[in-house]
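These notes concern the structure reproduced below.
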Amino acid sequence: MRGAVSRLDRDFYARSPLEVAPELLNKILVAPGASGRIVEVEAYTGADDPASHTFRGETPRNRTMFGPAGLLYVYFTYGMHWCANAVCGPPGDGVAVLIRALEALDGLDLMRYRRIAARRDRDLCNGPAKLCQALAISGDHDGVDLTAPEGGLWIGHDGVEPPTAPAVGPRVGISRATDRPYRWWIPGNEYVSRP
DNA sequence: ACCGGGATGTTCT
DNA sequence: GAACATCCCGGTG
């Protein structure tokens, strides 16, 4: 058992994603029946970021990213995968942090059932689409308020601080702005999507 | 371990 | 038509 986990408030998210992203490391993503510790994230900075979904302005798909900080932006990609982001900054900026990997904490049996392709437990949540499958996050959750007191999907902290010296590097799986060091992960962690 | 290709459908040019 | 913030499987070494 662990100590109490308290929910992050809107002020936490309402900053630049470049600040929020490394601070999300070691926080806990909680869903009904399953949770995991965040070990890898990426920032997407909006109008100045050609890799950001919001680079060319608002569309029906990216509408949530222009909403208040603390919303969950969930998008569908490659015809079969969902990925989840925490919206950051002031409304209208269109900035967010992609959650790329978790260390599974609770609900391991449920995650194994949902992630039948995972041969080892370390494969349950070591990718942005894998963790959504493990936690049953889909388009139904786009726009969910992570800070809502009664919400079933939220991010909390249990007293474990973010690493003082997180690993930093270029983002994964993009073809533009590939040089920006907007990916952060926990050094040496075995649950990251790529070492 | 590493690499290559297929899956699968929405979004935007 | 092409691209896509991905994943899985089967090949080879």
Side-chain angles (χ1 to χ4, degrees), chain A residues 13 16-22 24-25 27 29 34 36 38-67 69 71-89 93-104 111-144 146 155 166-186 188 190-195:
Chain A
Y13 299 102
S16 161
L18 301 179
E19 279 184 69
V20 174
L24 278 172
L25 295 175
K27 300 296 189 293
L29 178 59
I38 298 171
V39 299
E40 179 186 351
V41 295
E42 284 175 359
Y44 288 86
T45 64
D48 71 348
D49 180 4
S52 178
H53 287 172
T54 53
F55 179 62
R56 298 174 196 279
E58 186 171 340
T59 67
R61 177 207 208 188
N62 64 28
R63 177 182 144 277
T64 297
M65 270 185 78
F66 289 97
L71 299 190
L72 191 72
Y73 167 54
V74 183
Y75 67 88
F76 187 61
T77 192
Y78 288 102
M80 61 193 108
H81 299 304
W82 299 99
C83 297
N85 304 250
V87 175
C88 298
D93 271 17
V95 298
V97 174
L98 172 69
I99 302 173
R100 284 199 55 89
L102 307 175
E103 174 187 352
M111 294 191 196
R112 293 182 190 115
Y113 170 75
R114 291 167 173 164
R115 293 262 316 122
I116 193 65
R119 299 195 153 276
R120 311 160 297 177
D121 284 350
R122 64 187 299 191
D123 298 322
L124 289 173
C125 299
N126 60 348
K130 294 178 186 179
L131 71 91
C132 283
Q133 188 175 21
L135 271 56
I137 295 171
S138 73
D140 292 345
H141 305 283
D142 181 42
V144 160
L146 297 170
I155 298 175
V168 188
R171 294 173 290 188
V172 173
I174 57 170
S175 58
R176 296 177 297 185
T178 54
D179 55 325
R180 300 194 190 185
Y182 288 176
R183 172 180 179 241
W184 288 264
W185 68 98
I186 296 179
E190 69 172 315
Y191 298 95
V192 300
S193 66
R194 302 179 61 175

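Order of the sequence lines fixes the chain letters, A, B, ..., with proteins taken first and strands second; residue numbering starts at 1 for each chain.
- In this structure, B:dG6 and C:dC7 make a Watson-Crick or G-U wobble pair, each of the two defining distances being under 3.5 angstrom.
- A:Glu42 is not listed as a side-chain neighbour of A:Tyr182, based on a closest heavy-atom distance of 4.5 Å or more.
- Chain A approaches DNA chain B within less than 4.0 angstrom (heavy atoms of the protein), and the contacting nucleotides run 5' to 3' from B:dA7 to B:dT13.
- If A:Arg176 and A:Arg115 are placed on DNA chain C by their nearest nucleotide, the residue sitting closer to the 5' end is A:Arg176.
- Protein chain A contacts DNA chain C from C:dC4 to C:dC8, reading 5' to 3' and using non-hydrogen atoms of the protein with a distance under 4.0 Å.
- Using a 4.0 Å heavy-atom cutoff across all strands shown, A:Ala51 reaches at least one base atom of the nucleic acid.
- In this structure, A:Arg171 and A:Asp49 have side chains that are in contact, with non-hydrogen atoms separated by less than 4.5 Å.
- Here the side chain of A:Glu40 pairs a donor or acceptor atom with the backbone of A:Ser193 at under 3.5 angstrom.
- The same atom, P, is picked in C:dA5 and in B:dC3; the two are 23 Å apart, to the nearest Å.
- Among the protein residues, A:Arg183 comes within range of no part of the nucleic acid, since none of its heavy atoms lies under 4.0 Å from any strand.
- Here the side chains of A:Asp142 and A:Tyr73 are in contact, with some heavy-atom distance below 4.5 Å.
- With no hydrogens or angles considered, a side-chain donor-acceptor pair links A:Gln133 and A:Arg115 at under 3.5 Å.
- In this structure, A:Asn62 contributes its side chain and A:Gly57 its backbone to a donor-acceptor pair below 3.5 Å.
- When heavy atoms are screened at a 4.0 angstrom cut-off, A:Ile174 is found touching the sugar-phosphate backbone but no base atom.
- Annotation: side chain of A:Lys130 is not in contact with side chain of A:Leu102 (no heavy-atom distance under 4.5 Å).
- Between A:His53 and A:Tyr44 the shortest side-chain heavy-atom distance does not fall below 4.5 Å.
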